[in-house]
Participant: 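Before anything else, here's the structure in question.
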Amino acid sequence: MKVAERAERSGFTIIEIVIVTALVALMITLLYRFFVIGSRTVTLGTEEVEGIRRANITMERIKRDLRSLCDIRKATAGAPEVAPDGGSMTFLKFNPDASAMRPGAVKVVYKTSPVTVKRGDRTLDAVKLEGFYGDTPVPAFSEDVFSEVRFTKYWLHGYPFYQVRFGVPDLTGKNETIHYLQTSVGSRYYHALLSDPNWLPLSETQYEVTAGRGSR
Amino acid sequence: MGIVGMAMLPIFTTLSSANRGAADVEDQAFAVGLATEALEWSRAIGFEGWTRAFIDGGTRLKLPGQIKVETGKGRITATEDKVTSFPDDAGESIEYPKSSTRYRRELVMTFVEDSDGVVRIIRGETTVSWNLNVRGSPERRVRMEQMLHGKVR
């Protein structure tokens, strides 16, 4: 008899069910929140690494161009120029066009302009880097946006160097940290010209620069 | 709550891995830039320049850091315990980001003698290591090398 009474009274009260439901809901909400934060961090981290990778590729291209720099003083726009604010750089490099019958020079311009970009839920001040070989834009640069791009020319041990700095925004951190890539490139051709003039296949007066493509 | 805790564990791991991975890539990329820079300096000075520096004890060598010439070992070393701004030939300060002080840079130029006892090659090796073991192994470093050849006669 007592067992039967107990069986009739067994089960959950409405209060117990409400409490358990609330707890389960709380657990699911917490898990969901952590999952969302985790996914977002991974996405931003991937984007950040991608930004560093893009900066690396862009820097490699600029390094390659600077290494084929020619400092032809008598040619139009031959002297390398770096803007005082470090926002742009202009120089001549040897024309890499292998099909050309005669060597020439092409004018290279790198310039930056300020832009605003949205990354995650943050709006960032950034700079867009554009490159031109003569009048032709460098296509790989069209999508590149960085926190900072700066060019500096300096002399060390009597030789000219071009310092290139890229800033990539830290998207995963809470503060506005910037990751940097920085290096310097010496103009090897120019050094060779100074140390051994016979290394030059042609005299500097034989070059002229026309619309970005040089001819002799 | 135990179940919630266990479920959160992989999420925390993923989160921390993402942050660490991004930071490692950044550190490595910056170190490669510093190492490349030192090699560019050594390349500009060239075989003749390094030979002259070796003969005059490195007194006229203008490079950032401390310069040590070891005549017996046929070696010139330029060491920056902390990579930081340095003056160029005109006295203008060449700046680095603040985070560059976390790195140590060393450029070692070794004069290599051939079988005739003549130096025809100078081996340049640059090593960038981390001053603070913030992340990863203390052995982490970036090392690059190049050869500078004398004129072939």
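Chain naming here is simple, since letters A, B, ... match the order of the sequence lines and numbering starts at 1 in each.
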Participant: Between Lys93(A) and Tyr133(A), is NZ or CZ placed under 6.0 angstrom from the six-membered ring centre and within 45° of the ring axis?
Facilitator: yes
Participant: I need the residue from Arg60(B), Glu95(B), Glu92(B) with the largest number of non-hydrogen atom pairs under 4.5 Å to chain A.
Facilitator: Glu95(B)
Participant: Out of Asp81(B), Thr77(B), Val128(B), which residue meets the side chain to side chain contact (heavy atoms under 4.5 Å, CB included) rule with Glu106(B)?
Facilitator: Thr77(B)
Participant: Is the Trp41(B) ring parallel, tilted or perpendicular to the Phe86(B) ring (thresholds 30°, 60°)?
Facilitator: perpendicular
Participant: Just by modelled atom types, is the Gly87(A) backbone N or O under 3.5 Å from a matching donor or acceptor in the Thr112(A) side chain?
Facilitator: yes
Participant: Using a cut-off of under 4.5 Å on heavy-atom pairs, state which of Leu39(B), Leu34(B), Leu61(B) scores highest against chain A.
Facilitator: Leu61(B)
Participant: Picking from Tyr159(A), Trp155(A), Tyr154(A), what satisfies side chain to side chain contact (heavy atoms under 4.5 Å, CB included) with Asp89(B)?
Facilitator: Trp155(A)
Participant: Please flag which part of Gln163(A) lies under 4.5 Å from any non-hydrogen atom of chain B: side chain, backbone, both or neither.
Facilitator: side chain
Participant: Could you have a look at Ile52(A), Leu181(A), Leu156(A) and say which one has the most heavy-atom pairs with chain B under 4.5 angstrom?
Facilitator: Leu156(A)
Participant: Quick check on Arg53(A) against chain B: is it the side chain, the backbone, both or neither that has a heavy atom closer than 4.5 Å?
Facilitator: neither
